[in-house]
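We name chains A, B, ... by the order of the sequence lines, and we start the count at 1 in each one. Keep in mind the model is a prediction, meaning the values are calculated, not measured.
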Protein chains: 2
Amino acid sequence: MAIVGATGAVGLEALAILAGRGHPASHVVAMASRRSVGQELRFGAEMLVAETRDIARLRDVDAVLLAAGARVARELAPELARSGTRVVDTSAAFRGDPAVPLVIPEINGAELRRVPPPRLVAAPNCSTIILLVALEPLRRRFGLEHVEVTTFQAMSGAGQAATRELEVQTRARLDGSTLAPEVFPEPCGFNVFPHESPVDPETGLNVEEREMIDETRRIWNEPDARIVPSCFRVPALRAHGQSVALRFRKRTSVDEIRRVLARDPNVTVQDERERSLFPSLLRAIGRDDVLVGRIRQSPAGDGSFQLWICGDHLRKGAALNALQILDTLTEPP
Amino acid sequence: MAIVGATGAVGLEALAILAGRGHPASHVVAMASRRSVGQELRFGAEMLVAETRDIARLRDVDAVLLAAGARVARELAPELARSGTRVVDTSAAFRGDPAVPLVIPEINGAELRRVPPPRLVAAPNCSTIILLVALEPLRRRFGLEHVEVTTFQAMSGAGQAATRELEVQTRARLDGSTLAPEVFPEPCGFNVFPHESPVDPETGLNVEEREMIDETRRIWNEPDARIVPSCFRVPALRAHGQSVALRFRKRTSVDEIRRVLARDPNVTVQDERERSLFPSLLRAIGRDDVLVGRIRQSPAGDGSFQLWICGDHLRKGAALNALQILDTLTEPP
């Protein structure tokens, strides 16, 4: 198993998950960009050293997790896949490519069991994964007619430089000063703004929203699925929240929704109205599942429902989902 | 003019607005709770000293802004109003009282010009004000059939202790430690959670959401208005954001919506898709108007629209709105 981009946020999380599983350090190759080569990386009780990206070496590995951005993915993935290596890419490079399956194993894992099995698989955007994992048991049981979602995405979703910028800018503002932004278009400390990805001048949708729509339609195999995202950055260090409104095809109730979600192994319901115990970003950090709460009937009386989802965008939203894909691709038939 | 609760967040903002208008310091009485009496308060170039709450003294004043919470309001407001003083209360004490007008002057200011004029007026919740000010030109022009809103509310909306808690907890987390929360149910630094007001076990709505619904229906005088709020706290020091989905009664377009909003003196449109220039919490701080951007047609193709509103919850959301009410109540006929 090799991880390319091992010193990035997703790469580090993948190493932590593998170490936690008891995967032997000697079976993990960690590769990074030139400026991070030589960096020491904790792997449980042992240490790995980040190596130079080397495609010849990667060809000898059974499975590669690409977490190094779209440019590196386009450079390495097709060639590795041709040589027989199983590759999962966590960047946006292949998410829209009809020849490359886009997979959340719990939802469309069947894509991974096609004959012959795919050699290159794309992992969806973290916001798509968190939303669809939470909705899947409801979609199967009641059908989904319309999904409206407003996201609260940690600044750190934009990478490690963004995390540092949030820390530095937050300290500056607490000390009464302001610093010019570098990663984001404006100061991020104690601020909320629309997701920083480019906006389509025609539709007004930013790339994050466009991806959530297109990826959901692909993963559900419903080209007309009605999903309406509004994506924002919040000054959090980790995890994403989603305020969701749903219209189902079948009639249901809050109790039934709660029961269906509670039975799903990938979802934990935190919805105690009396104690005001609901999901939060901090509660979601480090968890493999997705939290759902504040499940309620719309006060508009139109039969729709609202709920609140929180998930760790680095865990199930990225590294864990990618490793689960590789697990399936490399498991003995 | 007297301000009761002058050392609180809303009181201080009201003093800043009055000083900015050139209101003479000698015409302002600042009152506070026992533990804040004697505190010196900046008023432009001069200083005021917070005095003990004294109802006899307040009876001699023409106008009183109550910014000291619901308990104090219930104690003082009815008696002052009976004695002829004009009173505006910014707490929730009278917002649901059918005998007390609930007013945003730009929307239902006619309530203030009834004969005889009301002596006690309630100011709405800050989230209601910010939303309704932004929607008003659209409601007048196109009619509103359905409003879905997810709020991003600064922790400071819960008062000065909450602001301090956000600062202290943020510093702690930056330094790698965690502190037990005091104001909020869980740590607020770098976190997002549902609004902390109590949740109705029957409907699942918290008090903030219930107020937004009930107040909107009162202010619009539409008992069945379909408004669906989902309220959250974000780790911001000031200002509130709102992600909104709208269905209008009449057909319209993004360009027309933008034009109608741009003509309104209480709204500033920031909606430059090419430059990604949109409202943010930091951009809204200290402004009297409300910012609107990311105006777009729903990708679901159902004729609905999305937009993003930011406003200063202490300014138009509280102190400014209350002062505007008093301006009208005390202006010569």
Practice prompt. Quick one: closest heavy-atom pair of A/Pro299 and B/Pro229, and the distance?
Written response: CG-CD, 4.5 Å
Fill in: Closest approach of B/Ala236 to A/Phe190 (non-hydrogen atoms, all atoms of both residues)
CB-O, 3.5 Å
Do [X] and [Y] come close enough that some side-chain heavy atom pair is under 4.5 Å?
{"X": "A/Thr150", "Y": "B/Phe152", "value": "yes"}
{"X": "A/Arg171", "Y": "B/Arg171", "value": "no"}
{"X": "A/Gln306", "Y": "B/Val228", "value": "yes"}
{"X": "A/Ser230", "Y": "B/Arg296", "value": "yes"}
{"X": "A/Pro201", "Y": "B/Glu272", "value": "no"}
{"X": "A/Arg273", "Y": "B/Asp200", "value": "no"}

Would you mind checking which part of [X] comes under 4.5 Å of any heavy atom in chain B, side chain (CB onward), backbone (N, CA, C, O), both or neither?
{"X": "A/Val192", "value": "both"}
{"X": "A/Glu167", "value": "both"}
{"X": "A/Leu277", "value": "neither"}
{"X": "A/Thr151", "value": "backbone"}
{"X": "A/Leu174", "value": "both"}

Practice prompt. Determine the option with the most heavy-atom pairs under 4.5 angstrom with chain A, choosing from B/Glu148, B/Arg275, B/Gln297, B/Met155.
Written response: B/Glu148
To the nearest 0.5 Å, tell me how far [X] [atom1] sits from [Y] [atom2].
{"X": "A/Leu282", "Y": "B/Thr178", "atom1": "CG", "atom2": "OG1", "value": "10.0 Å"}
{"X": "A/Asn191", "Y": "B/Arg283", "atom1": "CG", "atom2": "CZ", "value": "8.5 Å"}
{"X": "A/Arg294", "Y": "B/Glu209", "atom1": "CZ", "atom2": "CD", "value": "4.0 Å"}
{"X": "A/Ser276", "Y": "B/Glu196", "atom1": "OG", "atom2": "CD", "value": "9.5 Å"}
{"X": "A/Arg233", "Y": "B/Ser280", "atom1": "CZ", "atom2": "OG", "value": "14.5 Å"}
{"X": "B/Thr170", "Y": "A/Leu237", "atom1": "OG1", "atom2": "CG", "value": "9.5 Å"}

Worksheet entry | Heavy-atom contact with chain A under 4.5 Å, split by part of B/Ile227 | backbone
Item to complete: Answer with side chain, backbone, both or neither: which region of B/Gln242 has an atom nearer than 4.5 Å to a non-hydrogen atom of chain A?
Response: neither
Worksheet item: Just checking heavy atoms, which of residues 179-189 of chain A are less than 4.5 Å from chain B?
Response: A/Glu186, A/Pro187, A/Gly189
Worksheet item: Should we count CZ of A/Arg249 as having more than 12 external heavy atoms under 6.0 Å?
Response: yes
Practice prompt. Take B/Asp302 and A/Arg226 through the salt bridge (Lys or Arg N to Asp or Glu O under 4.0 Å) test and state the conclusion after the steps.
Written response: CA-CA 9 Å; B/Asp302 57 0; A/Arg226 286 166 68 157; 3.2 Å; yes
Worksheet item: Aromatic rings A/Phe232 and B/Trp308: how do their planes relate, parallel, tilted or perpendicular, breaks at 30° and 60°?
Response: tilted
